[in-house]
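Computation of the quantities below employed the complete heavy-atom set of this structure, encompassing side-chain atoms and omitting hydrogens, waters and symmetry-equivalent molecules. All values derive from a computational prediction rather than experimental measurement. Lettering follows sequence order; numbering is per chain, from 1.
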Protein chains: 2
Amino acid sequence: MSSIAELGEFGLIKRFSNDIKIINSSTVKGIGDDAAVLDYKDKQIIVTTDILAEGIHFDLAYTPLKHLGYKAVVVNLSDVYAMNAIPKQITVTIAISNRFTLEAVDELYKGIKLACETYEVDIVGGDTSSSYTGLIISITAIGEAEKNKIVYRNGAKPNDLICVSGDLGGAYAGLKILQREQEVFKANPDVQPELKGYDYILERQLKPEARADVIRMFDEMNILPTSMIDISDGLSSEILHISEESKCGSRLYDEKIPLADETKKFAEETLIVPTTFAMNGGEDYELLFTVSQDDFDKVKNNPLISIIGHITEQSKGNFLIMSDGSEVELKAQGWSHNK
Amino acid sequence: MSSIAELGEFGLIKRFSNDIKIINSSTVKGIGDDAAVLDYKDKQIIVTTDILAEGIHFDLAYTPLKHLGYKAVVVNLSDVYAMNAIPKQITVTIAISNRFTLEAVDELYKGIKLACETYEVDIVGGDTSSSYTGLIISITAIGEAEKNKIVYRNGAKPNDLICVSGDLGGAYAGLKILQREQEVFKANPDVQPELKGYDYILERQLKPEARADVIRMFDEMNILPTSMIDISDGLSSEILHISEESKCGSRLYDEKIPLADETKKFAEETLIVPTTFAMNGGEDYELLFTVSQDDFDKVKNNPLISIIGHITEQSKGNFLIMSDGSEVELKAQGWSHNK
C-alpha cells in the first residue's frame with residue numbers, strides 16, 4: 001500500500017487530473033491554468049456547492065469510498081437539476097488525512113469520475129490538501145439553463161399540483177439498516193450483516209442518482225414547473241421551503257406519497273409509520289415540484305412522477321392529510337401530530 | 001461565549017447569509033434557492049477553487065480569524081485576476097469543529113465579507129458543516145472576461161519581457177517572523193514578541209491583497225500580457241510553469257527582483273540571501289507575466305511593475321543570472337546553484 005504523504009499534494013492533483021477528458025463544448029479550458037474558462041454564450045449560469053464531512057455526512061465504516069465519491073458529485077448535480085438546468089462542470093476540493101492509502105484515494109476519485117461520465121460533466125478544477133483529521137469533500141457544480149426556463153422555489157400558486165419524482169424515504173431506510181447492522185457487528189463481529197432483500201434502499205443511501213431523466217422529460221413534454229426543489233432533507237421540510245418562498249400553503253395526501261416496497265417492508269419490520277421515512281428522512285435526491293392545473297394531463301399517469309397534493313393560500317398553512325381525513329400540520333425540521 | 005453546537009448548521013448558514021447584499025448585475029439570484037443563477041451575457045466565465053486547511057495552510061496560534069477569512073477570499077480572487085479577468089462571485093464552504101465559539105466564526109465571516117466588499121464580489125452560495133477536527137475553508141471564485149482578453153500560462157514567446165507586480169518574498173519573510181516569535185513564546189511565555197519594524201511583511205503574510213489594480217492598469221494602458229500566473233508558490237516554480245506551458249526558457253536577473261526594505265532587513269538579520277525569499281517563498285499573490293517587446297514603453301518605469309528578465313528558446317533552459325554574471329539553474333520546487 002502506498003501512502004499519500006509520499007506523493008504529496010501536487011502529486012495527488014496530478015494523479016487525479018491526468019486522465020480527465022473534456023466532453024462539453026462550454027468547457028474552454030479545464031484543469032491546468034490559474035482557473036478554468038467556460039463559455040455559456042446566451043445561457044444563464046447555475047452554481048451550487050455542497051460539502052460532505054466524515055463523521056457528519058458519512059461513516060466510512062459502511063460507506064465504500066467509490067460510492068462516496070459518486071454521491072458527493074450527485075448531491076451537487078441534483079441541486080442544478082432542481083433549477084431545471086443541466087450541470088456541465090464541477091470543481092472538486094478534497095482534504096484528506098495521511099491515514100488514507102493512495103489506493104483508497106483512487107477509489108474515491110473513481111467514484112467522482114464515474115459520476116462525471118454518467119452525467120456528462122467535466123471536472124474543470126479543484127484543490128487537494130492534507131488534513132490533520134478526517135476526509136472532507138467539497139464540490140461546486142456549474143450548469144446552464146435558458147433564462148426563461150429556470151425554475152425557482154418561489155413560483156408556486158394556489159391550486160398548483162404538487163408532484164414528486166420517484167419514491168421517497170428509501171435512502172433514510174437504507175441508512176437505518178446500515179446503522180442497525182453496524183451495531184450488531186460491534187456486539188458480535190462473527191455475525192454476518194443481514195442486508196438481503198434490501199438492495200434497492202441500500203443503493204438509495206449509498207449510491208443515489210440525480211433526476212436528469214425528469215429534467216429531460218420536462219423539456220420533451222414541454223412542462224415548465226412553477227416551483228421546484230430537490231429532496232435532500234425530508235419531504236416535510238422541502239415543501240415548507242416552497243411554501244415559504246412562494247408565500248402559499250400546501251396539502252399533501254399521505255396515501256399518495258410514493259414509497260418503494262422495500263421501504264414499506266423495513267418500516268413494518270421496525271414498527272415505524274412508513275410515511276415517516278419520506279417526511280422526515282432525507283437524501284432521496286428526488287425532485288419536488290409544482291405545476292399548473294393546466295398541465296394535469298401531462299403529469300397524470302406519468303411513470304416518472306406522482307401527484308401528491310396541491311398548493312393553497314398561505315393562510316391555510318401546510319398539512320399532511322391522512323387516509324382517515326385527519327390533518328397533520330407540517331413543521332420545519334420534521335412534523336408533529338396536532339389533531 | 002456562544003457555541004456553534006447550539007446554533008446548528010442551518011443557523012450558521014442563516015447567520016452568515018442574512019446581511020449579504022448583491023452588488024454585481026451578473027448575479028441574478030444569490031443564496032436562497034437550490035443554486036445561484038448568474039448571467040454573463042457575451043463574456044466568458046472564469047472558475048477557480050482553493051482550500052485552506054488548519055495546520056496545513058494556517059496556524060491559528062498566530063493567524064487572526066478575520067485575517068484568515070480575508071485571505072481565503074483573496075487567494076481565490078488572485079487566481080481569477082491571473083487570467084486577466086474580473087472576479088464577480090464566490091461560494092464559501094466551511095467545515096468547523098465545535099471547539100470554535102460563535103464569536104470566532106463571526107470574525108471569520110467578517111473577514112470574508114470585508115474581502116468581498118473590497119473587491120466588489122458577491123457571495124452567492126455556500127455550505128457549512130461541522131467537522132470533528134480543525135477548520136477548513138474552501139472557496140470557489142467565479143469571474144468574467146472578454147474572450148480575446150483572457151491570458152493563459154502558455155502564450156509566452158522568446159524575447160518577451162518577464163515582469164512582476166509589487167515586491168516578492170515579503171509574505172514568506174513575514175511567516176518566518178511569526179514562527180520565530182512563536183518559538184520564543186513557547187520557550188518563555190513572558191517574553192513579548194518582537195514584531196516591530198516588520199509591519200509590512202507581517203501584513204503581506206496575514207492579510208495579502210490580490211492585484212486588481214494591475215488588471216485595471218492593463219485595461220487602461222491597453223496592455224495584453226502574452227502569459228500570466230499569480231505567485232502563490234515561489235517565483236522559481238511560477239516561472240517554470242510559464243516556461244513549461246509556453247514551451248520556452250527564461251532568464252531572470254537577481255538584481256532586478258523587487259524586494260521590500262523589510263524583507264531585505266529580515267534577510268540580513270537571519271543571514272539568508274534576500275532573493276531566496278522571493279524565489280522559494282510563496283503567498284505573495286503578485287502577478288508574474290510576460291509582454292511583447294513592443295510593450296516595453298508601457299512597462300518601463302511603470303510604478304506597479306518591474307521587468308525582471310526575458311523569455312528564451314526552450315533549449316536554453318531556465319536560469320537566474322546573478323550580479324557577478326554566474327547563472328543558477330531554476331528547478332521545480334526550488335532552485336539550486338550549479339555554477
Expected contact set for residues 78-86 of chain A against chain B at heavy-atom separation under 4.5 Å reads A:Asp79, A:Ala82, A:Met83
Whatever's closer than 4.5 Å to a heavy atom in chain B on A:Gln89 counts as neither
Looking only at B:Asn154, B:Thr93, B:Ile94, B:Asn76, most heavy-atom pairs under 4.5 Å shared with chain A are made by B:Thr93
Output for pair (A:Leu38 CG, B:Ile46 CD1), nearest 0.5 Å, gives 7.5 Å
Whatever's closer than 4.5 Å to a heavy atom in chain B on A:Ile51 counts as both
Distance col, row B:His57:NE2 vs A:Ser130:OG, nearest 0.5 angstrom, shows 7.5 Å
Got a list of side-chain donor-acceptor pairs under 3.5 Å for residues 137-151 of chain A, not counting sequence neighbours?
| unit_1 | atom_1 | unit_2 | atom_2 | d |
| --- | --- | --- | --- | --- |
| A:Thr140 | OG1 | A:Thr49 | OG1 | 3.1 |
| A:Thr140 | OG1 | B:Thr140 | OG1 | 2.9 |
| A:Glu144 | OE2 | A:Lys43 | NZ | 3.1 |

Looking only at B:Gly125, B:Gly55, B:Ala36, most heavy-atom pairs under 4.5 Å shared with chain A are made by B:Ala36
Given B:Ile45, B:Val37, B:Val92, the one with more heavy-atom pairs under 4.5 angstrom with chain A than any other is B:Ile45
For residues 26-40 of chain B, the salt bridge (Lys or Arg N to Asp or Glu O under 4.0 Å) pairs (sequence neighbours left out) are A:Arg153-B:Asp33, A:Arg153-B:Asp34, B:Asp39-B:Lys41
Okay, B:Ile136 and chain A: the region with an atom under 4.5 Å from a heavy atom over there is side chain
Looking only at A:Thr48, A:Asp42, A:Val47, the option with the highest number of non-hydrogen pairs under 4.5 Å against chain B is A:Val47
Sorted by chain and number, sequence neighbours left out, side chain to side chain donor-acceptor pair (under 3.5 Å) with B:Lys88 holds for none
Of the listed B:Gly126, B:Ser232, B:Ser131, B:Ser26, the one with the largest count of heavy-atom pairs under 4.5 Å with chain A is B:Gly126
